[in-house]
Peer 1: 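One structure coming up, written as structure tokens, with questions to follow.
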Amino acid sequence: MIYGLTGGIGSGKTTVSKILRDKGFIVLDADEIGKEVTAKGEPLLRMLVKEFGVDIIQEDGELDRRKLANLTFGDREKTNRLNELVQTAILCRAIGQFHKLSLTEPRKVMFFDVPLLYEAGWDRYMEQVWLVTAPEDVRIERVEVRDGLSEEEIRQRIRLQMSEEEKSQRADVIIENDGGMAKLMSQVEKAIAENL
Ligand code: ATP
């Protein structure tokens, strides 16, 4: 059984993933799988070359992420095509890994940490979706400290994501991460007790 774990930038998904792993749950990370599927020699690179040209590959065979980002920046059609190709590769790889894991852990709930889960429409593949949420000001403050980005840069990124209201309406479980670590831990324990 696959449960989705999502939340906006700075909400605390990675922190919740860590708590769940410490409690013995398997959590796959879509961003990590994204790095795997775009590594040198991966079949996805051939599809990206077909779509965006051979210049996106460096001399050493690695993907030139900056060039690819520059090529697609501000072009909705290209961005959609890129997202579609990369997301499909991530989903295929993740489903394969979950399937393999379920052979040894047949009844165990496994989590899939996907920052843009609703935006990608992957909620339809999840048994449940757990949303980690926090007030925008708290999220901005956390990301300012963590990544050294400006408030305006973070607000821009937030505007590209689905609103918290919409995600909250759709989620099966809401984990409020508006306090410290002790409060977050008790929220996660409550979610586990009530849903698993
Ligand atoms: P992103 O989508 O931007 O990667 P995220 O949702 O994975 O973010 P985290 O990386 O888990 O968020 O959290 C953002 C920052 O806030 C981290 O530095 C984390 O340590 C800190 N943080 C998260 N929750 C708490 C909390 N309850 N108390 C204190 N610090 C927290």
Side-chain angles (χ1 to χ4, degrees), residues 1-48 50-51 62-63 65 80-134 139 161-162 164 166-177 181-196:
M1 253 189 313
I2 308 171
Y3 282 27
L5 180 67
T6 193
I9 178 168
S11 60
K13 294 174 296 297
T14 310
T15 312
V16 171
S17 292
K18 192 175 176 307
I19 295 174
L20 290 167
R21 285 197 184 104
D22 288 347
K23 291 186 176 295
F25 291 98
I26 287 164
V27 186
L28 294 190
D29 180 329
D31 286 343
E32 280 303 314
I33 298 175
K35 284 183 202 145
E36 285 174 29
V37 296
T38 51
K40 183 175 169 176
E42 284 287 329
L44 174 64
L45 294 197
R46 289 201 287 278
M47 300 180 77
L48 293 178
K50 215 170 143 198
E51 194 75 28
E62 299 281 352
L63 178 65
R65 292 169 199 279
N80 287 345
R81 186 71 189 128
L82 173 62
N83 286 343
E84 193 186 314
L85 287 169
V86 176
Q87 285 171 355
T88 306
I90 294 174
L91 188 63
C92 289
R93 176 82 45 111
I95 297 290
Q97 290 183 1
F98 277 122
H99 184 68
K100 222 171 176 179
L101 288 161
S102 69
L103 298 176
T104 47
E105 316 248 14
R107 270 183 297 276
K108 201 156 180 180
V109 165
M110 295 180 276
F111 289 88
F112 192 17
D113 173 352
V114 188
L116 301 178
L117 185 136
Y118 284 115
E119 289 85 344
W122 291 358
D123 44 319
R124 76 190 110 140
Y125 305 121
M126 304 293 140
E127 190 74 24
Q128 278 192 6
V129 176
W130 290 17
L131 175 74
V132 186
T133 183
R139 291 161 56 203
Q161 303 187 340
M162 186 185 284
E164 289 296 288
E166 193 169 350
K167 285 186 211 169
S168 300
Q169 275 169 13
R170 295 192 189 194
D172 298 291
V173 173
I174 296 177
I175 297 172
E176 294 278 359
N177 184 20
M181 283 306 294
K183 182 172 177 195
L184 181 58
M185 179 67 81
S186 72
Q187 287 273 311
V188 175
E189 283 170 351
K190 185 166 166 267
I192 292 170
E194 288 175 0
N195 296 280
L196 301 183

Peer 1: Is the shortest side-chain heavy-atom distance between Ile175 and Trp130 below 4.5 Å?
Peer 2: yes
Peer 1: Is any side-chain heavy atom of Met110 less than 4.5 Å from a side-chain heavy atom of Gln97?
Peer 2: no
Peer 1: What class does the angle between the rings of Phe112 and Trp122 fall in, given that below 30° is parallel, 30 to 60° is tilted and above 60° is perpendicular?
Peer 2: parallel
Peer 1: Please round to the nearest 0.5 Å and tell me the distance separating atom CG of Leu131 and atom CD of Gln169.
Peer 2: 11.5 Å
Peer 1: Does any part of the side chain of Asn177, heavy atoms only, come nearer than 4.5 Å to the side chain of Ser11, both counted from C-beta?
Peer 2: no
Peer 1: With a 4.5 Å limit on heavy-atom distance, are the side chains of Lys167 and Glu119 in contact?
Peer 2: yes
Peer 1: To the nearest 0.5 Å, what is the distance between CG (Leu44) and CG (Leu63)?
Peer 2: 8.0 Å
Peer 1: Evaluate the side-chain proximity of Asp123 to Thr6: yes if any heavy-atom separation is below 4.5 Å, no if none is.
Peer 2: no
Peer 1: Show the nearest heavy-atom pair for residues Asp31 and Pro115, with the distance to one decimal.
Peer 2: OD2-CG, 3.6 Å
Peer 1: May I ask you to check whether over 12 heavy atoms, not counting those of Met1, lie within 6.0 Å of atom CE?
Peer 2: yes
Peer 1: If every non-hydrogen atom of Arg139 is compared with every non-hydrogen atom of Ile9, which pair is closest and at what distance?
Peer 2: NE-O, 2.9 Å
Peer 1: Run the side-chain contact (heavy atoms from CB on, under 4.5 Å) test on Glu105 and Ile26 for me, step by step, so that the C-alpha distance in whole Å, both residues' side-chain angles and the decisive distance to 0.1 Å come before the verdict.
Peer 2: CA-CA 10 Å; Glu105 316 248 14; Ile26 287 164; 4.1 Å; yes
Peer 1: Is there a side-chain contact between Arg65 and Thr38 (heavy atoms, below 4.5 Å)?
Peer 2: yes
Peer 1: Please list every donor-acceptor pair under 3.5 Å in which a side-chain atom of residues 189-196 meets a protein atom from a residue at least two apart or in another chain.
Peer 2:
from: Glu189; atom 1: OE2; to: Lys23; atom 2: NZ; distance (Å): 2.9
from: Asn195; atom 1: ND2; to: Ala191; atom 2: O; distance (Å): 2.8

Peer 1: State the CG-CZ distance between Leu5 and Phe111, to the nearest 0.5 angstrom.
Peer 2: 7.0 Å
Peer 1: Find the distance between OH (Tyr125) and CD1 (Ile2) and round it off to the nearest 0.5 Å.
Peer 2: 11.5 Å
Peer 1: Using every non-hydrogen atom in the two residues, find where Val109 and Phe25 come nearest and quote the distance to one decimal.
Peer 2: O-CD2, 3.7 Å
Peer 1: Crowded around Lys183 NZ? As in, over 12 foreign heavy atoms under 6.0 Å?
Peer 2: yes
Peer 1: Using every non-hydrogen atom in the two residues, find where Leu117 and Met126 come nearest and quote the distance to one decimal.
Peer 2: CD1-CG, 4.2 Å
Peer 1: Nearest 0.5 angstrom please: Leu48 CG to Arg46 CZ, how far?
Peer 2: 11.0 Å
Peer 1: Would you mind writing out the side-chain donor-acceptor pairs for residues 84-96 within the sub-3.5 Å range, not counting sequence neighbours?
Peer 2:
from: Glu84; atom 1: OE2; to: Arg81; atom 2: NH1; distance (Å): 3.1
from: Thr88; atom 1: OG1; to: Glu84; atom 2: O; distance (Å): 2.6
from: Arg93; atom 1: NH2; to: Glu42; atom 2: OE1; distance (Å): 2.6

Peer 1: Look only at the side chain of Gln187 and the backbone of Glu176, and say whether a donor-acceptor pair between them is shorter than 3.5 Å.
Peer 2: yes
Peer 1: Kindly indicate whether the side chain of Tyr118, heavy atoms from C-beta on, has any atom under 4.5 Å from the side chain of Glu166.
Peer 2: no
Peer 1: So how far is it from Gln161 CD to Leu116 CG, rounded to the nearest 0.5 Å?
Peer 2: 5.5 Å
Peer 1: Which heavy atom of Ser168 sits nearest a heavy atom of Ile174, and at what distance?
Peer 2: O-CD1, 3.6 Å
Peer 1: Taking the side chain as everything from C-beta on, heavy atoms only, tell me whether Leu184 gets closer than 4.5 Å to Thr15.
Peer 2: yes
Peer 1: Would you mind checking if Asp22 and Lys18 are paired as a salt bridge, meaning a charged N to carboxylate O distance below 4.0 Å?
Peer 2: yes
